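Keep in mind that this is a model prediction, so the values were computed, not measured.
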Amino acid sequence: QVQLGESGGGLVQAGGSLRLSCVASGPNFNTYAMGWFRQAPGKEREFVAAISRSADMTQYSDSVKGRFATSRDNDKNTVFLQMNSLKPEDTAVYYCAADRRYLPNGLGPQPEYWGQGTQVTVSS
């Protein structure tokens, strides 16, 4: 079992950048594919980005493609989400997720594990 903890959220002006981190506790982090999701007030949780176990594959939603980038450091049990050119519509609680079976990209089953989330607020 793995526990996930996100950090790095905050308040930023439109056009700014933030870097989110998600640290996993527990063994065998490199056996988990990782994903990022977000949920804005009054909306359903949506897929943002995903990265494979060895980081040889990444996927992004159309709304963040070209602005966000995810990466991971398996030696530090950490996955990152670099967010650039932020827009007010990126405001949401951001969650990381882990799954041993599938790439957590919103198309398959719900990921096995979720973090508690970190708030990102983009002001106009």
Side-chain angles (χ1 to χ4, degrees):
Q1 188 170 356
V2 66
Q3 292 183 326
L4 305 174
E6 302 93 336
S7 63
L11 174 64
V12 63
Q13 289 188 332
S17 299
L18 282 175
R19 189 192 197 203
L20 305 184
S21 299
C22 173
V23 178
S25 63
N28 304 319
F29 176 68
N30 60 358
T31 65
Y32 293 86
M34 302 297 295
W36 290 95
F37 294 75
R38 66 186 181 186
Q39 187 167 20
K43 296 187 177 181
E44 293 186 354
R45 188 157 50 188
E46 65 173 0
F47 167 72
V48 175
I51 187 166
S52 61
R53 296 169 184 82
S54 59
D56 59 344
M57 181 171 61
T58 56
Q59 292 185 5
Y60 299 93
S61 66
D62 288 343
S63 61
V64 307
K65 199 172 296 182
R67 300 187 298 122
F68 290 13
T70 188
S71 59
R72 65 190 294 163
D73 184 337
N74 285 345
D75 291 334
K76 296 182 178 179
N77 284 18
T78 304
V79 62
F80 304 99
L81 184 67
Q82 178 67 43
M83 306 186 295
N84 299 325
S85 302
L86 282 160
K87 305 175 182 180
E89 51 263 43
D90 294 318
T91 295
V93 177
Y94 283 71
Y95 300 90
C96 68
D99 200 292
R100 291 167 293 184
R101 308 159 298 168
Y102 309 106
L103 188 70
N105 59 6
L107 299 178
Q110 287 291 311
E112 295 179 283
Y113 304 104
W114 292 90
Q116 293 299 309
T118 185
Q119 176 70 47
V120 171
T121 304
V122 184
S123 63
S124 57

From Ser52 OG over to Arg72 CZ, what is the distance, rounded to the nearest 0.5 angstrom? 7.0 Å

Got a donor-acceptor contact below 3.5 angstrom from the Thr70 side chain to the Phe80 backbone? yes

Has Asn77 got a side-chain atom pairing as donor or acceptor with Ala24's backbone, closer than 3.5 angstrom? yes

Search all heavy atoms of Ser124 against all heavy atoms of Pro88 and return the closest pair with its distance. CB-CG, 3.8 Å

Just checking Gln3: does its CD atom have more than 12 heavy atoms from other residues, nucleotides or ligands closer to it than 6.0 angstrom? no

Salt-bridge contact Lys87-Asp90 (side-chain N to carboxylate O under 4.0 Å): no

Pairwise distance OH(Tyr102) to CG(Leu107) - rounded to 0.5 angstrom: 12.5 Å

Which distance, rounded to the nearest 0.5 Å, do you find between the CG of Asn74 and the OG1 of Thr31? 9.5 Å

Nearest heavy-atom approach of Pro104 to Ala50 is O-CB, 3.5 Å

Taking every heavy atom of Phe37 against every heavy atom of Ala97, the minimum-distance pair comes out as CE1-CB, 4.1 Å

Side chain proximity check, Asp99 to Glu112, heavy atoms < 4.5 angstrom: yes

For Ala40 and Thr91, the nearest pair of non-hydrogen atoms, with its separation, is CB-O, 3.6 Å

Taking atom CD of Gln119 and atom CZ of Arg38, what is their separation to the nearest 0.5 Å? 12.0 Å

Side-chain donor or acceptor of Glu6 paired with backbone N/O of Gln116 under 3.5 Å: yes

Is the side chain of Arg53 donor-acceptor paired with the backbone N or O of Asn30 at a distance under 3.5 Å, no angle test? no

ILVMFWY clustering at 4.5 Å (side-chain atoms), partners of Val12: Val2, Leu4, Leu18, Leu20, Phe29, Tyr32, Met34, Trp36, Val48, Ile51, Tyr60, Val64, Phe68, Val79, Leu81, Met83, Leu86, Tyr94, Tyr113, Val120, Val122

Contact between Glu89 and Ser63 at the side-chain level, heavy atoms closer than 4.5 Å - yes or no? no

